[in-house]
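For reference, the structure discussed in these notes is given below.
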Amino acid sequence: MMRIAFALLLLYPLGLGAAEPTNARPPAGPDDLRFWLENMVWFHDYSLDEIEASTGLPAAAIQRAQARWNISPATKPDLSQREKLLVLPYPGGRHPRIGFLEGAVDPQRETKFSVFLPWEPSQYVVVDVPEAIWSNLGLTYLAHTHVPTIWERQGVRLAPQEWERIPGGDLKLERTLPNGIRFGTLVESRADHVKMKMWLHNGTEERLTDLRVQNCTMLRAADEFNALTAENKLARKPFVAVRNAEGNRWIITAWEPCDRPWNNPRCPCLHSDPKFPDCAPGETQTLSGWFSFYEGTDIQAEFDRIERVWKSQ
């Protein structure tokens, strides 16, 4: 009841109704509101309009909450002494792509997280894990609206979810689909990379095959890397990487077992798309993911180094 009262107080601060924008996520309570305001104002540099779009709250309520907790760009914490890469849930309210927006309508934030550039902490990339899961049943999950999923064809709407924020900065999400398929993601931030794990459990009575996954790394908010071209991108299975104009800074992602490494310059984004092994009823299959930054010019040597580190974990 307290959470309901809190939401009503924010949504109707002057006794006037405020229509909730499409895809908005009203905060669950004061602590949740404070977390998301710090996330959006300090780290993602959101405008007031973008905060409204993300939370569904009116501007007056947002401004009062910012004043209450002294959340402004001027009070942003110093990130220079961080021991790990900064990873945060992506707040939504701002499309993570530059282009091809018609291919990702109403992107859901619960599968998306931001990794902030170590040499420019005001910039970040958005990683979508998973963006999509295909199976022999058809398009089994999609983190936005585009091609209809098997649930949309049945008139079934999946409830929105949120990342579980683990103490220390890691993230976890698990979703159970209406037919009993359960999938999840664990995101662990390290000093020089982000370790990712995905799992899929077959809770149906039939064997699942052709379990292809799309995991998307979107570059809109990383200025050195967001040119709408394929010329600055490199795929050497399982690695997919993008470089800056000077060729001395790179963003790298990889998944194993990798099914298809590719990029879409229209977004722009990187894909090292994996594939789960076939999954019998009651079985669970897993995938392993990597994300990192690299300063240097010998990208093949960096791929080789990552292979050694990755296999040792």
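Side chains are part of it too, since the values below use all heavy atoms of this structure and drop only hydrogens, waters and symmetry mates. The shown structure was predicted, so the numbers you read here are calculated from the model rather than taken from an experiment.
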For the pair H201 and T284, evaluate side chain to side chain donor-acceptor pair (under 3.5 Å) and give the outcome as yes or no after the intermediate values. CA-CA 4 Å; H201 175 79; T284 300; 2.9 Å; yes

Test of ring centre spacing under 6.0 Å for F116 and H44: yes

Within the structure provided, determine whether W151 and P178 are in side-chain contact (heavy-atom separation under 4.5 Å). yes

Can a salt bridge be assigned to the pair D128 and K112 using a cut-off of 4.0 Å between side-chain N and carboxylate O? yes

Name the orientation class of the two ring planes belonging to F293 and F291 (parallel below 30°, tilted from 30 to 60°, perpendicular beyond 60°). perpendicular

Other residues, nucleotides, ligands: >12 heavy atoms within 6.0 Å of K76 NZ: yes

Count the heavy atoms belonging to other residues, nucleotides or ligands that lie under 6.0 Å from CD of E206, then report whether that count exceeds 12. no

Does the E52 side chain pair with the main chain of P58, one donor and one acceptor, at a distance under 3.5 Å? no

May I ask you to decide whether E307 forms a salt bridge with R305, counting only side-chain N to carboxylate O separations under 4.0 Å? no

Which pair of non-hydrogen atoms, one from N263 and one from C269, has the smallest distance, and what is that distance? CB-O, 3.3 Å

Distance-minimising heavy-atom pair for N232 and A227: ND2-CB, 4.3 Å

For W310 and E256: C-alpha separation, side-chain torsions, deciding distance, then whether side chain to side chain donor-acceptor pair (under 3.5 Å) applies. CA-CA 10 Å; W310 199 359; E256 287 281 23; over 6 Å; no

Please round to the nearest 0.5 Å and tell me the distance separating atom CD of E50 and atom CG of L48. 10.0 Å

I'd like to know if the side chain of R243 reaches the main chain of W250, judged simply by a donor and an acceptor atom lying under 3.5 Å from each other, with no hydrogens or angles considered. no

Ion pair E283/R207, N-O distance below 4.0 Å: no

Surrounding CD of Q313 (heavy atoms of other residues, nucleotides or ligands, distance under 6.0 Å), is the total greater than 12? yes

Indicate yes or no for a side-chain donor-acceptor contact from R64 to the backbone of A67 under 3.5 Å, with no hydrogens or angles considered. no

Please check: side-chain N/O of E302 versus main-chain N/O of D298, any donor-acceptor pairing under 3.5 Å? no

Taking the six-membered ring for Trp, are W163 and F113 parallel (under 30°), tilted (30 to 60°) or perpendicular (over 60°)? perpendicular

D273 side chain vs D259 backbone, donor-acceptor pair below 3.5 Å: no

Please determine whether side chain to side chain donor-acceptor pair (under 3.5 Å) holds for the pair D78 and S80, giving the CA-CA distance in whole Å, both sets of side-chain angles, and the decisive distance to 0.1 Å. CA-CA 6 Å; D78 180 11; S80 61; 2.9 Å; yes

Quick check against the 3.5 Å criterion: does T55 have a side-chain atom that pairs as donor or acceptor with the backbone of A53? no

Mark yes or no for whether N215, through its side chain, and H271, through its backbone, hold a donor-acceptor pair below 3.5 Å. no

Decide side chain to side chain donor-acceptor pair (under 3.5 Å) for R260 and Q214; before the verdict, give the C-alpha distance in whole Å, the side-chain angles of both, and the deciding distance to 0.1 Å. CA-CA 9 Å; R260 182 191 176 205; Q214 283 190 194; 5.4 Å; no

So, the side chain of T75 versus the backbone of N70: is there a donor-acceptor pair under 3.5 Å, distance only? yes

Check for a donor-acceptor pair, side chain of S54 on one end and backbone N or O of P91 on the other, with a separation under 3.5 Å. yes

Would you name the heavy atoms of L200 and I133 that are closest together and state the gap between them? CD1-CG2, 4.3 Å

Contact check, side chains of W255 and M198, non-hydrogen atoms, under 4.5 Å: yes

Hey, does K197 have a side-chain heavy atom less than 4.5 Å from the side chain of T286? yes

Which atom pair, heavy atoms only, marks the closest approach of S114 to Y90? OG-CD1, 3.3 Å

Answer yes or no: is there an ion pair linking E120 with R249, defined by an N-O contact shorter than 4.0 Å? no

Note, L37 side chain near W42 side chain (heavy atom, < 4.5 Å): no

Can you name the closest pair of heavy atoms from T185 and V187 and give their distance? CG2-CG2, 4.0 Å

Between E38 and F43, the two heavy atoms sitting closest are O-CD1, 3.4 Å

Between the CG atom in N202 and the CG atom in N179, the distance rounded to the nearest 0.5 Å is 8.0 Å

Roughly how far apart are D31 CG and F35 CZ, rounded to 0.5 Å? 11.5 Å

Rounded to the nearest 0.5 Å, how far apart are CG of L117 and CZ of F225? 6.0 Å

Could you check whether any side-chain N or O of D45 sits under 3.5 Å from a backbone N or O of M40, counting only pairs where one atom can act as donor and the other as acceptor? no

Flag side-chain contact, heavy atom, 4.5 Å: H144 against R97: yes

Pair D210 + K275: basic N to acidic O under 4.0 Å: yes

Before accepting this row, confirm whether a basic side-chain N of the pair R175/E110 lies closer than 4.0 Å to the acidic partner's carboxylate O. yes

Only residue of I252, N248, I251 satisfying side chain to side chain contact (heavy atoms under 4.5 Å, CB included) with Y294 is I252

Quick check: do Q108 and Q161 have side-chain heavy atoms less than 4.5 Å from each other? no

Taking the side chain as every heavy atom from C-beta outward, state whether W290 and T253 have any pair of such atoms under 4.5 Å apart. no

Check the surroundings of atom CD in E246: do more than 12 heavy atoms from other residues, nucleotides or ligands lie under 6.0 Å from it? yes

Report, as yes or no, whether the 6.0 Å neighbourhood of atom CD on E205 holds more than 12 heavy atoms from other residues, nucleotides or ligands. no

Check: K233 and L270 side chains under 4.5 Å, non-hydrogen atoms: yes

